[in-house]
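Have a look at the structure below, then the notes.
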Amino acid sequence: MPIEVNGKSLEVDEEGYLSNLNDWEKDVAEIMAKEDGIDLGEDHWEIINFLREYYEEYQIAPAVRVLTKAVGKKLGKDKGNSKYLYELFPYGPGKQACKFAGLPKPTGCV
Amino acid sequence: MLHTVNKSPFEKNSLETCLRLTEQDSTVLLIEDGVYGALKGTKIEDLVSESLSNVKMYVLGPDLMARGLDKNSLINNIEIIDYQDFVKLAVENERIQNWL
Amino acid sequence: MEEETQSGVIKKFLYVNRRAPHGTIYAHEALEVVLIGAAFEQDVSMAFIDDGVFQLKKDQNTDGIDTKNFSKTFSALEMYDVEKLYVEKESLDERGIKEDDLAVDVKVISSSEMKKLITESEVILNF
């Protein structure tokens, strides 16, 4: 089932991840988050933007433990921990945040 | 006649055989992993250099760049071309032999 | 996955890469397997032999062939605790490639050292 964003119909895979990375825009994240019952705030966006930069640099969506470590390095210990990230993204900071960011499912997640 | 080679010369003998069995004044185009055959400083550099007196050799630019290589990596007198030039070569030559 | 990581058995894994990066899918697939396997917290080494050394060439730009530039992912391996990358010197020499031409820090070793690495590995996966 494609998702509707600003009058465009965007293809997603069976788990809801965007099929084409280049289709992403901010409203994609907003709409996906709303479906999951999340209202995106600044803290969410910080992680989503971090993920997009990470993907740009390394061409992969990081596994959750790597994400946690990398966030800690970049944004500080109080954010680079599972508790903080799971509060923002209850379905898993790897899977859910990557989905909102328009990235594929993290490598190494089942 | 246009000959294309798309295999690495270090893994398969496609380029070597191509150069052995190619008529004088033919055109050889290296594509995909075949572009590694145009590198200088390799163990097959002499073989390729010597063949340049018989054939005109090209490499496909996008395949070269994908592999982190450029003009400076190449043996002299091997020319870099783009997709449009590839099409032109294919049209100009009556037959194409693909050395897979 | 939890069970395996908690079983406590750590083996010496060696991923052997012998293919050039973009002409076939082997190199990209190998990297995916390494990243997935990293979750099992084993003692991982990667060996680059023959055309495999081309995978590490710096300045790769795949815009023109419309494929993923997975050479950038080698820089992320450290964060996955995959830190032992070995490149065979003889393979570099035959291809006119120097250590400076590579995108990440590696250990360049001789054939005889590579032989030893292979002999001492407990699980070997070939690509």
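Each chain gets a letter, A, B and so on, in the order its sequence line appears, and its residues count up from 1. Here the structure is a predicted model, which is why all the values come from computation and not from measurement.
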Heavy-atom pair with the smallest gap, counting every atom of C:Tyr80 and A:Pro62: OH-CA, 3.3 Å
Quick check for you: among C:Asp81, C:Asn69, C:Thr73, which has the greatest number of heavy-atom pairs under 4.5 Å with chain A? C:Thr73
Counting only heavy atoms not in C:Glu113 (residues, nucleotides, ligands), do more than 12 fall under 6.0 Å from its CD? yes
Identify the heavy atoms of A:Lys69 and C:Met79 that sit nearest to each other, and give their distance. NZ-O, 3.0 Å
Considering residues, nucleotides and ligands other than A:Asp39, do more than 12 of their heavy atoms fall under 6.0 Å from its CG? no
Using a cut-off of 6.0 Å, state whether more than 12 heavy atoms not belonging to A:Glu4 lie near its atom CD. yes
Heavy-atom count around C:Lys84 NZ within 6.0 Å, excluding the residue itself: above 12? yes
Rounded to the nearest 0.5 Å, what separates atom OG in C:Ser75 from atom CD in A:Glu57? 7.5 Å
Gap separating the NZ atom of C:Lys72 from the CD atom of A:Gln59, nearest 0.5 angstrom: 5.0 Å
Counting only heavy atoms not in C:Lys68, do more than 12 sit closer than 6.0 Å to its NZ atom? yes
